[in-house]
Engineer: 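Here's a structure for you.
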Protein chains: 2
Amino acid sequence: MAAEKRGDGTVGKALDVLNEVAEIGSPVRFSSLLKTSKYPKATLYRLLQTLLNQNMLSYNDEEQTYKLGLKLVRMAHAAWLQSSLAPIALPFIDKLSDKVGETVHLAQLDNGQVLYVDKRNPSSPIEMYSQAGKVGPAYCTGVGKAMMAFLDEDALSRVISKQAFFKYTDFTITSEKELRKELSLIKKQGISFDKQEHEAKIICISSPILSSKGRVIGGLSITSSIDIHSIESLEEFKPQLLETSKLIGKEAGAWNFPEQNN
Amino acid sequence: MAAEKRGDGTVGKALDVLNEVAEIGSPVRFSSLLKTSKYPKATLYRLLQTLLNQNMLSYNDEEQTYKLGLKLVRMAHAAWLQSSLAPIALPFIDKLSDKVGETVHLAQLDNGQVLYVDKRNPSSPIEMYSQAGKVGPAYCTGVGKAMMAFLDEDALSRVISKQAFFKYTDFTITSEKELRKELSLIKKQGISFDKQEHEAKIICISSPILSSKGRVIGGLSITSSIDIHSIESLEEFKPQLLETSKLIGKEAGAWNFPEQNN
DNA sequence: AATCCTATTTCCAAATAATGGAACTAAGTT
DNA sequence: AACTTAGTTCCATTATTTGGAAATAGGATT
C-alpha cells in the first residue's frame with residue numbers, strides 16, 4: 001500500500017519505486033516489482049536503472065534482485081544529524097540512561113507514525129526489536145500516545161486518520177474513541193504508559209518533549225518488561241523522565257529546532 | 001565536490017541536489033545552494049520543491065532553509081537491514097563486544113570510503129565520534145586498511161585513487177607508496193592496526209571479513225585509546241577478532257551476501 | 001511612506017526527456 | 001524443436017523539463 005504522490009514528475013515516480021523496494025524489505029526481482037507497480041514494464045525498468053546508476057539501489061547479478069543501496073545509509077546519517085532531535089538530545093539521554101539503567105527511546109512523529117531516532121540500552125538489555133530509524137505505530141506505543149496527547153486538534157485528527165488500529169495484543173486500543181479518551185487522560189497526567197499494547201510483556205513510561213511554545217517536537221520513553229517492572233515501579237521514573245524531556249525541549253529551543261509535525 | 005552523474009535525467013539531477021544538501025551538513029538557504037549549484041535558478045528551485053514534496057527535504061519557514069528530511073532516516077533503516085552486513089553480523093558482534101569489553105566497529109567499503117554499519121560500545125565508552133552511517137577515510141583507519149589489503153589489484157587501484165591522503169595526525173600515511181607497503185604487510189599478517197593515524201590517542205586492531213571465495217565483504221575492529229591500551233595489548237585480541245570475522249564471513253555466505261565492492 | 005535592494009517565486013515557448021506498446025533476446029521447460 | 005516466462009531494447013509520440021526573464025515579497029535606506 002505505497003503512498004501515492006501526485007505530480008512530482010519523474011522524480012516522484014523514481015522515489016515511488018524506491019519506496020516500494022524499501023517496503024518489500026527484502027531483495028526483489030523485476031517481475032515481482034512489476035506485478036504491484038503502477039508503471040508499465042519499460043518505464044519501471046528504466047526507473048530501476050536510473051536508481052541503480054545513482055547507487056540508491058544495488059543489484060545482485062546472480063539472483064537478479066534489487067535492494068536498497070548503501071548510499072541511503074550514508075545520506076541518512078547526514079539526515080539524522082541535521083534533522084532529528086537525536087544530536088541535540090544525546091547528552092541528556094546518556095545521562096538519563098545511566099541514571100535509570102533501563103532502555104531509553106527518543107522518538108519523533110513522522111507522517112503519523114513514531115520514528116525512533118535514538119536508543120540507549122542498559123548493560124543487560126531485554127529482548128526487544130527497535131533501533132534508530134525504525135518506525136512504529138503511534139496509537140499503541142508510549143511515545144506515540146504521549147506525543148499525540150499534546151498535539152492541537154488539527155494535527156491530532158490528521159495523525160489519528162493515519163492510524164491502523166490493528167490489535168497487536170489483548171491490550172491494544174482499537175478505536176478512535178478509546179484513543180481520544182486515553183489521550184485526554186495523558187494530557188492531564190503529563191505522562192503516558194504502554195501497558196503491553198504493542199508487544200506482549202513490554203511496558204513503558206513516556207513523556208512528550210515540548211518546545212518553549214508548548215508544541216510537540218518529540219517523545220521520550222523508558223522501556224522495560226513485566227518480568228522486571230510493574231507499571232507502578234515504572235512510574236517512579238516519572239520525575240527524571242519529565243526533567244529530561246524539559247531539558248531537551250529547552251536545548252532544542254536554543255538550537256532553533258523546528259516545531260512542525262504531521 | 002559533489003560527484004557528477006551524467007545522463008540520469010531529472011532523477012539524477014534531483015539526487016544531485018539532495019547530495020549537495022547532505023554534504024553541506026547544515027540547513028542551507030536557496031541562494032547559498034544556488035551559488036555552488038550547476039543548475040539555473042528556476043531549475044534548482046523546482047528540484048527543491050519536488051524533493052520537499054517527497055519529504056526527502058524539509059523546509060524551515062522562519063529561517064528559509066532546507067535540510068534533509070526524516071524520510072531518509074526511515075528509508076535508511078530499511079537499507080541498513082537489507083543491504084549491510086550489520087544484521088547478519090549482529091549476534092557475532094554482540095558476543096565479541098561482551099567478551100572483549102571494548103568498542104567494536106563493523107564497516108564496509110563504499111565508494112572508496114569506510115562506511116561504518118554497526119558499532120558496540122563497552123559499558124564505559126571512551127570519547128570518540130563514530131556511528132552507524134558515518135563514513136571515514138580508508139587509508140588511515142584500521143578497518144579501511146584491513147579491507148584494502150585483501151582487494152585484488154583492480155579494485156585496490158580504484159580505491160586508492162579515491163584516497164585523499166590528508167595528514168590527520170603525525171602518524172597518518174600520506175602517500176600511495178607508503179600505503180601499499182603497509183597493505184602488503186597487513187596481508188601477510190592477516191590483521192591491521194590503526195596507530196593514531198586518524199585521531200590522536202585512538203588506536204585499533206582490525207581484520208577483514210572475507211567471503212568463502214576470499215573476497216572482501218567488510219571489516220571488523222576493536223578500538224581503544226592509548227590511555228587504556230598499547231598496540232601490544234590490543235594484539236591479544238587478535239585470535240578473537242579473527243575468529244569472529246571468520247564466523248561472520250561464513251554466515252554471510254549462507255545468506256548469499258554479495259561480494260562486489262568499490 | 002516611498003524607494004531601492006536582494007532573495008525568492010512564477011511564467012511560458014522552446015528544448016528535451018520520458019513514455020509505453022511492441023518487438024526482441026535469453027534462459028529455461030515441455 | 002516449439003513453447004513459455006523473464007528481462008531488455010526500440011522509437012515515434014507525448015509530456016515534462018528547461019531557463020531567461022519578469023513578477024513578487026521582504027527588508028533596509030533614505
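Residue numbers start from 1 in every chain, and the chains themselves are labelled A, B, ... in the order their sequence lines are given, proteins ahead of strands.
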Engineer: Taking OP1 and OP2 of D:dT17, is either one under 4.0 Å from a side-chain nitrogen or oxygen of A:Thr10?
Structural biologist: yes

Engineer: When the distance from OH of B:Tyr66 to P of C:dA7 is rounded to whole Å, what number comes out?
Structural biologist: 14 Å

Engineer: Would you please confirm or rule out a distance under 4.0 Å between OP1 or OP2 of C:dT10 and any side-chain N or O of B:Tyr45?
Structural biologist: yes

Engineer: Can you measure B:Leu47 atom CG to D:dT16 atom P for me and round it to whole angstrom units?
Structural biologist: 16 Å

Engineer: May I ask you to decide if A:Val73's main-chain N or O and B:Trp80's side chain share a donor-acceptor pair within less than 3.5 Å?
Structural biologist: no

Engineer: For the atom pair OG1 (A:Thr43) and CG (A:Leu48), what is the distance rounded to the nearest 0.5 Å?
Structural biologist: 11.0 Å

Engineer: Starting the side chain at C-beta, find the nucleotide from C:dT9, D:dG19, D:dT9 nearest to B:Ala42.
Structural biologist: D:dG19

Engineer: If you assign A:Val11 and A:Gln64 each to the DNA chain D nucleotide with the nearest heavy atom, which residue ends up on the more 5' nucleotide?
Structural biologist: A:Gln64

Engineer: Measure the CG-CG distance between A:Leu15 and A:Leu51 for me, rounded to the nearest 0.5 Å.
Structural biologist: 7.5 Å

Engineer: From C-beta outward on A:Lys41, which listed nucleotide comes closest to its side chain: D:dA6, D:dT8, D:dA22?
Structural biologist: D:dT8

Engineer: In whole Å, I'd like the distance from the CG atom of B:Asn60 to the P atom of C:dT8.
Structural biologist: 13 Å

Engineer: Please give, in whole Å, the distance from C:dA17 P to B:Tyr39 OH?
Structural biologist: 12 Å

Engineer: For the side chain of A:Arg29, starting at C-beta, report the closest nucleotide among D:dT8, C:dT9, D:dG7.
Structural biologist: D:dG7

Engineer: Check the phosphate of D:dT17 against B:Arg46, side-chain N and O only, distance under 4.0 Å to OP1 or OP2. Yes or no?
Structural biologist: no

Engineer: Distance alone, cut at 3.5 Å: any donor-acceptor contact between the side chains of A:Asn111 and A:Lys162?
Structural biologist: yes

Engineer: Rounded to whole angstroms, how far apart are CG on A:Leu48 and P on C:dT19?
Structural biologist: 12 Å

Engineer: So does B:Tyr139 get a backbone contact from the side chain of B:Gln163, meaning a donor-acceptor N/O pair under 3.5 Å?
Structural biologist: yes

Engineer: With a non-hydrogen cut-off below 4.0 angstrom, is B:Ser31 in contact with a base, only sugar-phosphate, or nothing?
Structural biologist: sugar-phosphate

Engineer: May I have the distance from A:Lys38 (atom NZ) to C:dG20 (atom C1'), rounded to whole angstrom?
Structural biologist: 17 Å

Engineer: What nucleic acid atoms does A:Lys35 come within less than 4.0 Å of, heavy atoms only: base, sugar-phosphate, or nothing?
Structural biologist: nothing

Engineer: Within this structure, what is the CG-to-P distance between B:Leu44 and D:dT18, rounded to whole angstrom?
Structural biologist: 11 Å

Engineer: Find the distance A:Leu51:CG to C:dA18:P and express it as a whole number of Å.
Structural biologist: 12 Å

